[in-house]
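Accompanying notes for the structure given below.
Quantities reported herein were computed from a predicted structural model and do not represent experimental measurements. Chain A is the first sequence line, chain B the second, and so forth, proteins listed ahead of strands; every chain is numbered from 1.
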Number of protein chains: 2
Amino acid sequence: MSNFKMADIAKMAGVSKATVSRVLSGHKYVSPEIRKRVLDVVLDTGYKPNLIARSLIKSESHTIGFIVPSNDDEVIATLIRQVEHNLIEEGYRITICLTGYNRDKEQKFLDDLLQSNIDGLIVLTSRENTSLYQDVSVPVIMLDQYISGGAVTITTDNYYGGYLAGKRLVKNGCKNIFVVTTSSPDVAASERLSGFSQALSEVRLSYETVQCKSQLRHCEKALIKTLAIKKVDGVFATSDLFAAFTNKILEQQGLRVPEDVSIIGYGNTTISDITRPSLTTISQNIETFSQTIMDYLLAGIHKKPMKKRFIILPIEMIEKESTQ
Amino acid sequence: MSNFKMADIAKMAGVSKATVSRVLSGHKYVSPEIRKRVLDVVLDTGYKPNLIARSLIKSESHTIGFIVPSNDDEVIATLIRQVEHNLIEEGYRITICLTGYNRDKEQKFLDDLLQSNIDGLIVLTSRENTSLYQDVSVPVIMLDQYISGGAVTITTDNYYGGYLAGKRLVKNGCKNIFVVTTSSPDVAASERLSGFSQALSEVRLSYETVQCKSQLRHCEKALIKTLAIKKVDGVFATSDLFAAFTNKILEQQGLRVPEDVSIIGYGNTTISDITRPSLTTISQNIETFSQTIMDYLLAGIHKKPMKKRFIILPIEMIEKESTQ
DNA sequence: TTGTAAGCGTTATCAG
DNA sequence: CTGATAACGCTTACAA
């Protein structure tokens, strides 16, 4: 990294700072000779402009804040990766803010970002915390849930995903159904459950709920406890990880999947392919998800008119071995 | 977000900008009355100082760049999460840069960060790309490998981890050993293999190598191909994910784990607990890893003297069901 | 087409 | 203790 400043380059090239600035910003109205002279010095010195200074005067930072509960979920990690990839192409970078659903933390992150001239925000949070984003001065993409105010909501069709899963278990003739889900205020999971519920209630079925705390051993306990008092022949888990773990526990208990129990997970992640049997699951197209986020985020940043402020992306069920 | 600037606050409180600045920076030498007067206005208006302006004059940004190939590995995702958590406590935030081992991308990330007054850098990269970091103007924590220049290297004992795995398979009497590893230039994996090799060569054993590209189905092909020509009774995978997948394929081929084949993974991740059988694995203490990174990073930022510039953290083998 | 000078919103310096 | 005034490193009217 060179320690040259624009003034140094200007002096060395025998021009003014303004001219150097124009050359570097690809401004027109610079004579070829002078452009070359400046560029030569820039190359010689390895000069790189200070982006903070530029940021201060332009009130932008080419930085997008990405606020999420965690990166431990494979789907979220993939989304982060994909969004980062797409944003880079457009000249932005991302600052990751992991909130753990903690409102104070989230508030602090938000303030910090807003004080740093960020250009936009992508947010995944709980229902309670949406209020933080109702009146923010930069474009906000709110994931998975509606929020009043100016934000654009983008979500995959979690309700329908859950609904499809429900229909599938019903089709398999399952009567004793477990739902394995998180205890976090995860809006996607709760939408999935609503859809699932709907599918079951259409044939007058209900289900047992097994809640998993972050630690899998708690999940194991809860599952075994419920198994002690209820039979099971069908499972819907709100994530592939839960599905995979449930699959293991069930087989440890002497139940065979899919012969005795059908299992459906969510996410179509790597995990759904490394279990035996592989897991039937609901797939969201992460590339499309990311691309849509990008499109609306950039539209917001460039103040382009938007037709919609609420976008629902389709999902599909991927049949694997756990529901045969 | 308020749109007030320091000058506004100063005017409203009837003092100078300098005084407002002093109050907000918690400077001493401000009379109680004036302090209160300013603070009242600040609270009333919801004023928050612009961090970019502060950053410009102080030549720091309270931002740490975290350069890694990807976030799809569970160990790395956990490390990112932990480091982020620790850094927040210290008033820093992180910008994530996912390189995919692409040198150009990495170079661009680096330049961009350096042009933005970042305070420090945490880097996980390939051997070839270390040269990018040999002469960087901010503290660099290089993960998993040594690098000449001023950077501090922090690594877990990958070599010994591999060695332990090798010893364990030998102890189980394995003679036909497979190693399943990545085809990426992953320095940790290659260290693990060195250690593993050493353990085997001490008893004059060798092994077959199965290379996995990012897509698991390629891995499956490679594995089946090798199985067609070689017997196997022991497997060492350089990640739990590979181990889990291998476990699945082997059982599909009619081999029982651990009766016919012993498997050892790496990372002690969630994956190692959701397979049947659960996977014996090598565990790195991520909290300690993260804390060590933090300590040295902050020491570097605050220009404190450091006793060591090369830190190796211990690992341990966690015996689960796949090697019994 | 180029240079001069005035910002961007803070903090640092130096009188008072 | 407080207030002008000059940085920080760049962009951008406005002039020339």
Side-chain angles (χ1 to χ4, degrees), chain A residues 1-39 41-42 45-63 111-119 137, chain B residues 1-39 41-42 45-63 111-119 137:
Chain A
M1 202 54 193
S2 64
N3 279 322
F4 292 102
K5 297 150 193 197
M6 194 174 269
D8 301 326
I9 307 301
K11 192 169 294 174
M12 294 170 80
V15 297
S16 72
K17 285 191 297 174
T19 299
V20 177
S21 174
R22 287 186 191 112
V23 171
L24 261 47
S25 330
H27 222 284
K28 36 197 173 183
Y29 303 134
V30 187
S31 72
E33 314 96 82
I34 292 219
R35 156 161 284 125
K36 182 176 183 335
R37 187 135 52 93
V38 170
L39 249 29
V41 177
V42 168
T45 53
Y47 167 75
K48 299 271 168 55
N50 181 307
L51 298 177
I52 295 291
R54 180 176 291 174
S55 187
L56 179 58
I57 197 165
K58 302 193 78 163
S59 296
E60 59 179 39
S61 60
H62 282 248
T63 299
D111 287 346
D112 193 88
L113 291 171
L114 259 17
Q115 292 174 70
S116 302
N117 294 2
I118 67 162
D119 296 339
S137 56
Chain B
M1 203 53 191
S2 63
N3 278 322
F4 293 102
K5 296 150 193 196
M6 195 174 270
D8 302 326
I9 307 301
K11 194 169 293 176
M12 295 170 79
V15 298
S16 72
K17 287 191 295 175
T19 300
V20 176
S21 175
R22 286 194 271 256
V23 170
L24 262 47
S25 329
H27 222 286
K28 35 197 173 182
Y29 304 134
V30 187
S31 73
E33 313 96 82
I34 292 215
R35 156 162 283 127
K36 181 174 181 343
R37 186 136 52 95
V38 171
L39 249 29
V41 177
V42 168
T45 54
Y47 166 75
K48 299 270 169 55
N50 181 306
L51 298 178
I52 295 291
R54 179 176 292 173
S55 187
L56 179 58
I57 195 162
K58 301 192 76 163
S59 297
E60 59 179 39
S61 60
H62 281 252
T63 299
D111 286 346
D112 194 87
L113 291 171
L114 259 17
Q115 292 174 72
S116 303
N117 294 2
I118 70 164
D119 296 339
S137 55

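- The S31(A) side chain lies nearest to dT1(C) when the options are dT1(C), dG9(C), dT4(C).
- Checked against dT2(C), dT11(D), dC1(D), the side chain of I34(A) finds its nearest nucleotide in dT2(C).
- The CE-C1' distance, from M6(A) to dT2(C), rounds to 15 Å in whole Å.
- If you measure from atom CG of L24(B) to atom P of dT11(C), you get 7 Å, rounded to the nearest angstrom.
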Set out, in order, the CA-CA distance, both residues' side-chain angles and the distance that settles side-chain contact (heavy atoms from CB on, under 4.5 Å) for T45(A) and D8(A), then state yes or no. CA-CA 10 Å; T45(A) 53; D8(A) 301 326; over 6 Å; no
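- For R22(A), taking side-chain heavy atoms from C-beta onward, the closest of the listed nucleotides dT4(C), dG3(D), dC10(D) is dT4(C).
- In this structure, the NZ atom of K17(A) is 11 Å from the C1' atom of dA7(D), given to the nearest Å.
- In this model, the phosphate group of dG3(C) is approached by a side-chain N or O of T19(A) to a distance below 4.0 Å at OP1 or OP2.
- Rounded to an integer number of Å, the gap from CZ of R54(A) to P of dT11(D) is 4 Å.
- Taking atom CG of D8(B) as the reference point, atom P of dC8(C) lies 11 Å away to the nearest angstrom.
- Rounding to whole angstrom units, CG of residue N117(A) and C1' of dT10(C) are separated by 12 Å.
- Side-chain atoms of S21(B) do not come within 3.5 Å of backbone N or O of K17(B) as any donor-acceptor pair.
- Set against dT2(C), dG9(C), dA12(C), the side chain of A18(B) has dA12(C) as its closest nucleotide.
- With dG3(D), dA13(D), dT11(D) as the candidates, the nucleotide lying closest to the side chain of V15(B) is dG3(D).
- Counting heavy atoms from C-beta outward, S16(A) and T19(A) have side chains that approach closer than 4.5 Å.
- Side chain of N117(A) to main chain of I52(B): no donor-acceptor pair is present (N/O by atom type, distance under 3.5 Å, no hydrogens or angles).
- For dA12(C), the OP1/OP2 oxygens have no side-chain nitrogen or oxygen of S21(B) closer than 4.0 Å.
- Between N50(B) atom CG and dC8(C) atom C1' the separation is 9 Å, expressed in whole Å.
- Applying the 4.0 Å criterion to OP1 and OP2 of dT10(C), one finds that Y47(B) has a side-chain N or O inside that range.
- The side chain of L56(A) lies closest to dC8(C) when the candidates are dT4(C), dC8(C), dT11(C).
- Side-chain to base pairing of K5(B) with dT10(C): no donor and acceptor N or O lie closer than 3.5 Å to each other.
- Distances shown here put every side-chain N or O of S55(A) at or beyond 4.0 Å from the OP1 or OP2 atom of dC10(D).
- Taking the side chain of Y29(B) as heavy atoms from C-beta on, and the options dT11(C), dG9(C), dC1(D), the nearest nucleotide is dC1(D).
- Under the 4.5 Å side-chain criterion, counting only non-hydrogen atoms from C-beta, K48(B) is in contact with D111(A).
- Remark: K58(A) is not in phosphate contact with dT11(D), judged by side-chain N or O atoms under 4.0 Å from OP1 or OP2.
- Residue I57(A) places its side chain closer to dG7(C) than to any other of dA4(D), dG3(C), dG7(C).
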